[in-house]
There are 2 protein chains.
Amino acid sequence: MDKIQHTEEKILESARQIFHQKGFNGAKMQEIADLAGINKALLHYYFRNKESLFEKVFNETFSQMASKMSEIFLSEMTLMSKIGIFINFYLNFISRHSFVVQFIINALHDKPEQLREVILKQNLVPELLLEQIRKQLKEEMGLDIDPLHLYVNILGLVVFPVLAKPLLQSMFQIPDERMEVFFEQRKIIVPTFIENALNGYEKDKSLV
Amino acid sequence: MDKIQHTEEKILESARQIFHQKGFNGAKMQEIADLAGINKALLHYYFRNKESLFEKVFNETFSQMASKMSEIFLSEMTLMSKIGIFINFYLNFISRHSFVVQFIINALHDKPEQLREVILKQNLVPELLLEQIRKQLKEEMGLDIDPLHLYVNILGLVVFPVLAKPLLQSMFQIPDERMEVFFEQRKIIVPTFIENALNGYEKDKSLV
DNA sequence: AATAAGTTTAACCGAATAGTCAAAAATAAA
DNA sequence: TTTATTTTTGACTATTCGGTTAAACTTATT
């Protein structure tokens with residue numbers, strides 16, 4: 001029957017929206033039900049309780065982000081191309097799903113355990129990703145840099161402004177339109193910034 | 001009387017701790033009262049309600065962070081010295097108050113309004129800070145770069161890993177001790193990364 | 001058409017929680 | 001010491017919210 005599928009998908013879609021915006025504590029089961037246009041008891045019929053519904057949404061969301069990341073960084077391209085593509089992709093993605101990053105970070109802050117499970121289930125091997133970056137740093141640029149630092153740098157440059165958007169806007173009184181321009185600009189600025197930074201290291205000399 | 005001051009300070013200290021770790025929704029008035037070792041009704045005697053207590057904590061916390069930031073960036077030093085000192089200071093501060101950044105970002109995500117008020121009350125003029133950075137970029141390095149982008153880059157490189165700590169740890173199975181080393185390393189790595197990046201731009205050529 | 005199985009709902013329950021209030025305890029003022 | 005004022009408490013209230021249940025409705029099976 002596809003009534004089931006339909007209802008279930010409607011619920012998940014609403015749950016996604018609410019959980020992403022308000023987190024576990026902020027989200028109310030009644031609100032999710034209302035948004036899905038169904039009775040609250042139906043939520044419990046399809047998903048045992050709030051926690052399991054949340055878990056489902058979290059796993060889904062995280063997988064989506066992480067697998068795209070792996071896909072890009074494990075593909076066959078130069079490291080700099082990957083970085084460029086990654087930044088472009090994420091700035092686009094995030095502008096349409098602005099709450100996702102904060103959602104993941106908050107969820108993990110509350111229950112750090114729940115992650116490893118997803119990673120295994122999805123056959124993601126994050127260590128592979130780092131190894132790949134290390135290899136390319138060495139082979140393409142002659143650099144012995146800890147890939148974790150580079151990886152964190154990339155993420156920080158891309159993700160932080162999205163998280164801090166409300167902070168930046170009220171702090172510097174930036175209107176929405178200028179903020180959009182700002183994010184557009186970052187698609188160019190961030191890759192350049194990273195490339196400059198990497199080119200600045202002395203080649204073939206070991207660093208942290 | 002300093003019993004008043006004593007009780008009030010005890011309440012604020014507890015409220016700070018709980019709000020920082022759990023945010024507005026996650027924090028419970030009873031828990032704050034327990035931690036302060038007082039009756040719950042006393043909270044309402046000193047601070048009308050949860051919202052006003054939260055507001056007090058938020059304003060305090062934000063002011064502390066922001067004023068230190070202004071102090072550093074408006075002082076008399078080369079831009080690169082400022083950046084180095086800022087990074088060092090914040091990585092130290094944050095390791096002792098690991099929830100503060102997430103607290104501020106989440107609070108602002110929920111109620112973006114409440115910020116401007118604090119900024120004005122504290123006589124912070126964020127625009128001045130940007131102007132100062134622009135001036136030093138031009139004079140000391142011959143660069144016409146939008147200071148907001150540089151500012152966001154600095155913050156992103158410093159703040160993101162702190163926010164993503166649980167994510168990174170479970171993703172890459174990093175034990176606590178290695179994580180401490182990681183943050184120590186960033187005190188060196190991040191300033192170098194930024195310096196390299198800035199040196200990579202063609203001098204006296206206009207950029208975004 | 002009759003029956004069984006699956007889906008949806010309205011009404012309800014109990015626990016948690018922000019907030020109140022009147023009385024008790026402590027402190028200051030006379 | 002007596003009285004007024006401030007601080008603190010225990011008990012209570014109202015409400016919100018996650019979760020349950022039994023009955024109604026819908027769909028599939030025979």
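Convention: sequence-line order gives letters A, B, ...; per-chain numbering from 1.
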Under 3.5 Å, N/O pairs linking protein and nucleotides 10-13 of chain C:
| residue | atom | partner | partner atom | Å |
| --- | --- | --- | --- | --- |
| C/dA10 | OP2 | A/N39 | ND2 | 3.3 |
| C/dA10 | N7 | A/N39 | ND2 | 3.3 |

message: Can you confirm if the NZ or CZ of A/K111 lies within 45° of the ring axis of A/F24 and under 6.0 Å from the centre of its six-membered ring?
response: yes

query: Does anything in residues 13-32 of chain A reach DNA chain C, meaning a heavy atom under 4.0 Å, and if so which residues?
result: none

A/Y45, nearest nucleotide to its side chain (from D/dT6, D/dT20, C/dT8): C/dT8

field: Per B/I38 side chain, nearest of listed nucleotides D/dG18, D/dT9, C/dG19
entry: D/dT9

query: Between B/K135 and B/E140, does at least one N-O distance fall below 4.0 Å, as a salt bridge requires?
result: no

- request: Output yes when A/E184 and A/K187 qualify as a salt bridge under the 4.0 Å nitrogen-oxygen rule, no when they do not.
  value: yes

Show me the side-chain donor-acceptor pairs of residues 35-45 of chain B shorter than 3.5 Å, one per line, residues at least two apart or across chains.
| residue | atom | partner | partner atom | Å |
| --- | --- | --- | --- | --- |
| B/N39 | OD1 | B/A41 | N | 2.7 |

task: Would you please name every residue forming a ring pair (Phe, Tyr, Trp, His ring centres under 6.0 Å) with A/F73, sequence neighbours left out?
output: A/F86

field: ring pair (Phe, Tyr, Trp, His ring centres under 6.0 Å) partners for A/F160, two or more places apart
entry: none

message: I want to check one thing: is the phosphate of C/dT7, taken as OP1 and OP2, less than 4.0 Å away from some side-chain N or O of A/T7?
response: no

message: With side-chain contact (heavy atoms from CB on, under 4.5 Å) as the test, pick out the partner of A/V100 among A/I94, A/T61, A/I105.
response: A/T61

task: To the nearest Å, give me how far apart CG (B/L42) and P (C/dT20) are.
output: 14 Å

message: My understanding is that only residues two or more places apart in sequence, or in another chain, count here; which of them pass side-chain contact (heavy atoms from CB on, under 4.5 Å) with A/F89?
response: A/K68, A/I72, A/F93

